[in-house]
Amino acid sequence: MTREDFIKSLIKSHGYTLKAFAQQISMPYTTLLSILNGSIGGAAMDNVLKICHALNVRIEELDQISNTGHLDRHLADGSGEAQDEGLLELIRNLPPEKKIALKILLTNL
C-alpha cells in the first residue's frame, strides 16, 4: 500500500469523500487530488501536515509506509527515541523558510 492509498483509505474510513474532506480541511479539492494521485512526498509540507492532523496520523507513520509498504501501528505509536531522532534530523535538514513555516504551523495547532 502506498502512502497515498493509505491516506485515501483513512479519508474514506472517516466517512468523507475526497471532496468533502478537502472542504473540511480548507484545501482546494484539486490540490488534494494532486497530492493523492501523485506523490505525497512532493507536496508542500503544510498541506501534508494539514492532512495528517485532520486524520490523526503522524508523519512517522507515513514514513513507515513508504519504507515497508504497510503500517504497523504498534511500532508507529511507540515513543522510541529513534523516531524522535529521525524527526529531529528531518527538521534540522529543512531549508530556513520551511523551518519558519513548520514553526508557524505548530504554534497554530
Side-chain angles (χ1 to χ4, degrees):
M1 172 181 285
T2 66
R3 294 176 292 185
E4 295 77 18
D5 290 336
F6 174 70
I7 294 295
K8 286 178 189 177
S9 68
L10 274 181
I11 291 169
K12 290 178 184 175
S13 73
H14 280 78
Y16 291 109
T17 63
L18 294 179
K19 196 170 206 170
F21 182 73
Q23 199 169 32
Q24 175 70 23
I25 63 172
S26 302
M27 178 181 291
Y29 175 63
T30 54
T31 300
L32 181 64
L33 280 181
S34 293
I35 292 169
L36 297 179
N37 291 329
S39 171
I40 203 164
M45 183 178 15
D46 57 333
N47 286 335
V48 175
L49 289 172
K50 190 184 285 191
I51 292 167
C52 288
H53 180 70
L55 296 172
N56 197 29
V57 174
R58 295 182 5 220
I59 296 294
E60 296 89 356
E61 292 175 327
L62 287 182
D63 184 51
Q64 181 189 6
I65 291 168
S66 70
N67 292 332
T68 64
H70 68 281
L71 175 65
D72 183 346
R73 285 248 181 213
H74 175 71
L75 293 175
D77 289 341
S79 59
E81 288 183 25
Q83 289 179 354
D84 293 342
E85 285 302 316
L87 180 59
L88 288 173
E89 185 62 29
L90 288 172
I91 292 170
R92 281 186 202 108
N93 292 331
L94 286 174
E97 66 274 6
K98 295 276 187 178
K99 286 180 184 177
I100 293 168
L102 179 60
K103 185 175 181 179
I104 291 168
L105 284 169
L106 292 175
T107 56
N108 289 328
L109 291 178

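Numbers here simply count residues along the sequence, with the first being 1.
The distance from the CG atom of L10 to the CG atom of D5 is 11.5 Å, given to the nearest 0.5 Å. K19 contributes atom NZ, which lies 14.5 Å from atom CD1 of I11 (distance to the nearest 0.5 angstrom).
Side-chain contact between D46 and M27: absent, with no pair of heavy atoms (C-beta onward) separated by less than 4.5 Å. Between H14 and F21 the shortest side-chain heavy-atom distance does not fall below 4.5 Å.
The two residues L33 and L18 have their closest heavy-atom pair at CD2-CD1, 3.9 Å. In this structure, I25 and K50 approach most closely via the heavy-atom pair O-CD, 3.0 Å. Here the shortest heavy-atom pairing between E4 and I35 reads CG-O, 3.6 Å.
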Practice item. Could you give me the CA-CA distance, side-chain angles and deciding distance for L32 and Q23, then say whether side-chain contact (heavy atoms from CB on, under 4.5 Å) is met? Key: CA-CA 10 Å; L32 181 64; Q23 199 169 32; over 6 Å; no
